[in-house]
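First comes the structure, then the notes that go with it.
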There are 2 protein chains.
Amino acid sequence: MSRIALVDDDRNILTSVAMTLEAEGFEVETYNDGQSAFEAFSRRMPDMAVLDIKMPRMDGMDLLQRMRQKTSIPVIFLTSKDDEIDEVLGLRMGADDYVKKPFSQRLLVERIRALLRRQEAINTGEAAATEETRMMERGALRMDPLRHSVTWKGKEVALTVTEFLLLQALAQRPGFVKSRDQLMDVAYDDQVYVDDRTIDSHIKRLRKKMRSVDDTFSAIETLYGIGYRYNEE
Amino acid sequence: MSRIALVDDDRNILTSVAMTLEAEGFEVETYNDGQSAFEAFSRRMPDMAVLDIKMPRMDGMDLLQRMRQKTSIPVIFLTSKDDEIDEVLGLRMGADDYVKKPFSQRLLVERIRALLRRQEAINTGEAAATEETRMMERGALRMDPLRHSVTWKGKEVALTVTEFLLLQALAQRPGFVKSRDQLMDVAYDDQVYVDDRTIDSHIKRLRKKMRSVDDTFSAIETLYGIGYRYNEE
DNA sequence: CCCTTAAAATTGCTGCTGCCTTATTGTTTT
DNA sequence: AAAACAATAAGGCAGCAGCAATTTTAAGGG
């Protein structure tokens, strides 16, 4: 069974997440800071590591950098601020995934499983089908529901949860209209009513973000009186 | 079966809520503005009314005021801004309840049912036990989960959902400590992790709001290293 | 083709949340 | 006691969501 190292300065995260992971059948070791984790790793390397970015003594970035000189085990970052995410994504510093705080433990477990599966596939020489199958590609749009990451015309676009859900619903069937009501159903729990114009607001912000990548083509079209439609170019 | 009048300028609310209420077995009539509702009411009065505050031609406040000259049927206001709520509460203008937008239809149905029950009890001369049974009283604190309203030392205090849940959990057992973990369980879905300090933040804001009513006594006590405790005076 | 009206886009604002930083308070050690 | 350490409080900030107000765009009727 896989041994997972958990490094975070918040003891509450450590114990709580550790319990969850152990319940899921993983073997877990926990560390309060990068320094002590690093020392332990030099004695015995875990199968994968979950690191908080911000920590006393040695932060997640430093730790990863030093780890990478010795090993290539999968690493997941825990991040709280958006600029930290940018750093993880932008610098391509060797992290395999990241999870934004506050996070659901269910999600973290999913990610861990996904990475371990991929690792397994690599080790046995299989094609890593997991990532490919979950990706959604529609024209120049690539969405990864698991990682919650979106690429538009090759560039990473940071979407909020609501924006992501709406875009996903629209892109699911390019060329078909979706009414605001249908879009609400996707983005909200049943029974919760929000204003029609609120959907418009989210579409507005979506368009703005996509426009910042390419302002010559608008993928989300308005059907006057009906709703919205996603078009491939 | 009860006839309910629904008055709102947003057609989406009208149709959506009307459908729900009809599915719940109510007889529903809808109006786009206060003026037409008023005219209809003068012909035949419904058993109860749900009014949007802000409307063209005649707004909910005006409508209610005119209605009150003829009838005392239960009225629920739909409000979106906090100052509107203050108005409803502060002016005591004869509304029986209010629901904040965005609202869940389930909640609205609950409120309607509650008011109709109370009305029924009044008509038949029974004691209206509904409100009393659902109220929670702990010392100078009164909490009404259904209305989501809180009174501290006689004064209305506006709490957010999270604050309400935390205070409710604490006040449930005066004199007993609750750890941050326990409080998290109350306020958050299972599996979602938030920082310990975030609980502190909510407690901070709770205290601040309660302090603005009375700054000589603090009902929420800190147990160093343990958690928080609610004390009756 | 212009005018009217309805729908949608945009801008801007507010409330809630979560976390960070700094200051304070409480606890333990010496 | 005083110092060292840990936990908490206070203030403040940024992201997100939802809505309102205003402007712009589209549709339909003369």
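So you know, we letter chains A, B, ... as the sequences are listed, proteins then strands, and number each from 1. Because the structure is predicted, anything quoted here is derived from the model rather than measured.
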Residue list, side-chain hydrogen bond (donor to acceptor under 3.5 Å, both in side chains) with B/E22, at least two apart or on another chain: none
Between A/Y31 and A/E39 (side chain of the first, backbone of the second, donor and acceptor by atom type, cut-off under 3.5 Å), is there such a pair? no
Let's test your reading of the model: under 3.5 Å, does the base of D/dG11 pair with the side chain of B/R205 as donor and acceptor? no
side-chain hydrogen bond (donor to acceptor under 3.5 Å, both in side chains) filter on A/D96, not counting sequence neighbours, yields A/R68, A/R118
Rounded to whole Å, CG of A/D196 lies from C1' of D/dC19 at a distance of 12 Å
Kindly write out the residues that satisfy salt bridge (Lys or Arg N to Asp or Glu O under 4.0 Å) with B/R211, not counting sequence neighbours, or none if the list is empty. none
Side-chain donor/acceptor of A/T151 to backbone N/O of A/G154, under 3.5 Å: no
Given D/dT8, D/dG18, C/dA9, which nucleotide is nearest the side-chain atoms of A/T222? C/dA9
Please list, chain by chain and in numerical order, all residues satisfying salt bridge (Lys or Arg N to Asp or Glu O under 4.0 Å) with B/E110, sequence neighbours excluded. none
Parallel, tilted or perpendicular: rings of B/Y193 and A/F103 (30°, 60°): tilted
For atom CG of B/D200 and atom P of D/dA10, their distance in whole Å: 10 Å
Rounded off to whole Å, could you give me the CG-to-P distance for the A/D10 and D/dA7 pair? 11 Å
With sugar-phosphate taken as primed atoms, P, OP1 and OP2 and all else as base, the protein-contact string of nucleotides 20-30 of chain D at under 4.0 Å (heavy atoms; B, S, -) is SS----BS---
Distance check needed: D/dA9 C1' versus B/I203 CD1, whole Å only. 12 Å
Contacts table for residues 163-175 of chain A: side-chain donor-acceptor under 3.5 angstrom, sequence neighbours left out:
| from | atom 1 | to | atom 2 | distance (Å) |
| --- | --- | --- | --- | --- |
| A/E163 | OE1 | A/T160 | N | 2.9 |
| A/E163 | OE1 | A/T160 | OG1 | 3.4 |
| A/E163 | OE1 | A/K209 | NZ | 2.8 |

Under 3.5 Å, is there a donor-acceptor pair linking the side chains of B/D33 and B/S36? yes
Figure out the CZ/P separation between B/R180 and C/dC19, and round it to whole Å. 14 Å
Side-chain N or O of A/Y228 less than 4.0 angstrom from OP1 or OP2 on C/dA9? yes
Of all residues at least two apart in sequence or in a different chain, which pass the side-chain hydrogen bond (donor to acceptor under 3.5 Å, both in side chains) check with B/D200? B/R180, B/R197, B/Y228
Using a 3.5 Å distance criterion without hydrogens, assess whether the side chain of B/S218 forms a donor-acceptor pair with backbone atoms of B/I220. yes
What is the distance from CG of B/L206 to C1' of D/dA9, rounded to the nearest Å? 14 Å
Residues in residues 209-217 of chain A with a heavy atom under 4.0 Å of DNA chain D, by number, are none
A/K100 NZ - C/dG18 P separation (whole Å): 12 Å
For residues 160-175 of chain A, which residues have at least one heavy atom under 4.0 Å from DNA chain D? A/T160, A/T162
Taking salt bridge (Lys or Arg N to Asp or Glu O under 4.0 Å) as the test, write out the residues that go with A/R66, two or more places apart. none
Looking for any heavy atom pair under 4.0 Å, which part of the strands does B/Y193 touch: base, sugar-phosphate only, or nothing? nothing
Could you tell me which residues satisfy side-chain hydrogen bond (donor to acceptor under 3.5 Å, both in side chains) with A/T162, sequence neighbours excluded, listed by chain and number? none
Would you mind reading off the distance between A/L159 atom CG and D/dG15 atom P, rounded to a whole angstrom? 15 Å
Each nucleotide N or O in nucleotides 1-3 of chain D that has a protein N or O under 3.5 Å away: list the pair and distance.
none

Please examine the side chains of A/E156 and A/S149, heavy atoms only from C-beta on, and report whether any two atoms are closer than 4.5 Å. yes
Any side-chain N or O of A/Y188 below 4.0 angstrom from OP1/OP2 of D/dG18? yes
